[in-house]
Protein chains: 2
Amino acid sequence: MSDISTKPDNSHTIAELIRSQLNRFSPAEIKIVNHLLANYPMAGMVSITELSENCGVSTPTVMRTLKKIGYSSFTTFQKELKDELQQTLSDPITKHDKWAADAPESHVLNRVADTVTTNLRHSLNQVSHEQFDAIIDLLAEQDKALHIVGGRITSAFARYMNTHLEVIRENVYIFPEAVALWPHHLLKIKPNDVLIVFDVRRYEQDLITISRLANARGAKIILFTDQWLSPIASEAIHTLPIRIEGKSGWDSGVVTLFFAEAIVVALEEKLWTQTAERMRELEDMFDLTERFKKRIE
Amino acid sequence: MSDISTKPDNSHTIAELIRSQLNRFSPAEIKIVNHLLANYPMAGMVSITELSENCGVSTPTVMRTLKKIGYSSFTTFQKELKDELQQTLSDPITKHDKWAADAPESHVLNRVADTVTTNLRHSLNQVSHEQFDAIIDLLAEQDKALHIVGGRITSAFARYMNTHLEVIRENVYIFPEAVALWPHHLLKIKPNDVLIVFDVRRYEQDLITISRLANARGAKIILFTDQWLSPIASEAIHTLPIRIEGKSGWDSGVVTLFFAEAIVVALEEKLWTQTAERMRELEDMFDLTERFKKRIE
DNA sequence: TTTTTTATGTAATGTACATTACAAACCTAT
DNA sequence: ATAGGTTTGTAATGTACATTACATAAAAAA
């Protein structure tokens, strides 16, 4: 009876642990373990009362069975079951152990990879597909100009996005680098134009100001920001809250770029026929300039 | 289920239901929904007490939030969550894309996410830790200047890297945007200086030329390129072959930025005492220019 | 049979929990 | 400022639960 201590924990899952002891059980106990295994693991994710009812036995029988299996109480059993489930469910995206296997977790590359994929997963959960699609729809309206601006760090993303979007559609403008020229550029913004703003902490006053002004001119703002939300969020029609934090202290820009790229890809697909044409033209121009260069050399 | 408020139940998963209302929430409520989505679905599989603690709010706030979302009580919420989990688990095929990446595999966001993580995994396998560490060691020598240059698309990464590395160490220079000025910049390069080059397809003649010339001047080249290797690889002392391809045809820059960032992080850690000092100085200067808002957390 | 052992259930108990009522704190606008 | 609303937390309450103690039934051994 009271062999609480005998838990041959060489097994990975709780199911294995149970299966390894299948011959030790009395009739009522068999009812329980059968039910647990047959509806694994969710059968265990209920109250002990419910579980006992589902098995047609009493609650103390459940208790005794679990103790026999190797758990000190129903609560700890359920806790371990929950952990196992957690483990199984966590990031279908990262396939974490793939690279964790052949490399020490402690190497920078792996730590950064871990952080980035975690950030990515979290961020994907924050952004609804509807919202994303709405952004794409908005960007597909080419009669409205599209302006892009970023901050100290994020201006690199603004440029990346600009370079790609310029190929895909017309009427794309990036703010000049010099903040002093921003008010000047503001003049180009017409009502219902779209303004893409990148603003992650530390939030920059210039970006906030320019967003307010653009908003006052009737621009629709799409905001790339972090999980703490730039104050610009209140001006924006669409806000992408992107997880940028690494536990280690540094802020990551990778996921921000991911979303920028996702928008590029989505828009390219939506406007493909037109984009294909523009790309061909671009290729031609590359060829011409190459030939041009060669001639001088 | 006699719901108290308006529950627009055209949504399939609870996650979607929450996401469809993301703008309706107050600060404390945002904490809760963020946590629920970020750790979906297991975050909801605990007692309301535990959940409230995990979110840093009180239990009544959790109750109110769930009612706002559309559930009459915490218990019914958890029950539905459990059912959903049950449902998903019993269908092992759809299992993976259901949550986190949630929704049809065909949505752009999921496809891009899939591509990026695949590229990341492959790239990590291509780069040995030894090589990576050697690069970091090389970059840690600050008596040698560090120059950075990128191409049409990748100049954004060059800038991103430059912005960060400038903070970490001295003697960091980025090439000017105008290609016409590159030869000019070349004069600054001294023997044993380091040159970081970004060159992914289509490989650019200007980059190749400048690399040759830099090499001739005795510079050590670190090359960010793609799996097909830019011709510059033959000039480079370290080459990072990064998988950039999406099946869908477009080339992704996310993993390239990942490696750029990983280098930044690694170097920052290696030179931390010095970096910390430089960062403090930078902070002071920010304060002086009053360009940045106080950090909001 | 009677006794002992094993198996299972009933009922009692204390704890953790979900829920509600209320009050404090915090905005926002006049 | 101050009145209105909103947002959030504290504390109280009743319920569901896990757990234990005890009792009964069944089976095995004597």
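Keep in mind the model is a prediction, meaning the values are calculated, not measured. Each chain gets a letter, A, B and so on, in the order its sequence line appears, and its residues count up from 1.
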Name the atoms and distances for all side-chain donor-acceptor pairs under 3.5 Å in residues 26-37 of chain B, with sequence neighbours left out.
residue, atom, partner, partner atom, Å
B:Ser26, OG, B:Glu29, OE1, 3.2
B:Glu29, OE1, B:Ser26, N, 2.9
B:Glu29, OE1, B:Lys68, NZ, 2.8
B:Asn34, OD1, A:Gln126, NE2, 2.7

Determine, stepwise, if the pair A:Tyr160 / A:Glu261 fulfils side-chain hydrogen bond (donor to acceptor under 3.5 Å, both in side chains). CA-CA 9 Å; A:Tyr160 184 83; A:Glu261 191 167 284; 2.8 Å; yes
Scan side-chain atoms only and decide if A:Tyr203 and A:Asp226 contain a donor-acceptor pair under the 3.5 Å cut-off. yes
Does A:Ser26 put a side-chain nitrogen or oxygen below 4.0 Å from OP1 or OP2 of C:dA7? no
Taking 4.0 angstrom as the limit, do A:Lys220 and A:Asp193 come out as a salt bridge? no
In terms of side-chain heavy atoms, does B:Ser58 have a donor or acceptor partner in B:Thr61 at a distance below 3.5 Å? yes
Atom CZ of B:Phe25 to atom P of D:dT8: distance rounded to whole Å? 12 Å
For nucleotides 10-24 of chain C, read 5' to 3', which letter fits each nucleotide if B means a protein heavy atom sits under 4.0 Å from the base, S means only the sugar-phosphate is that close, and - means neither? B------SSBB----
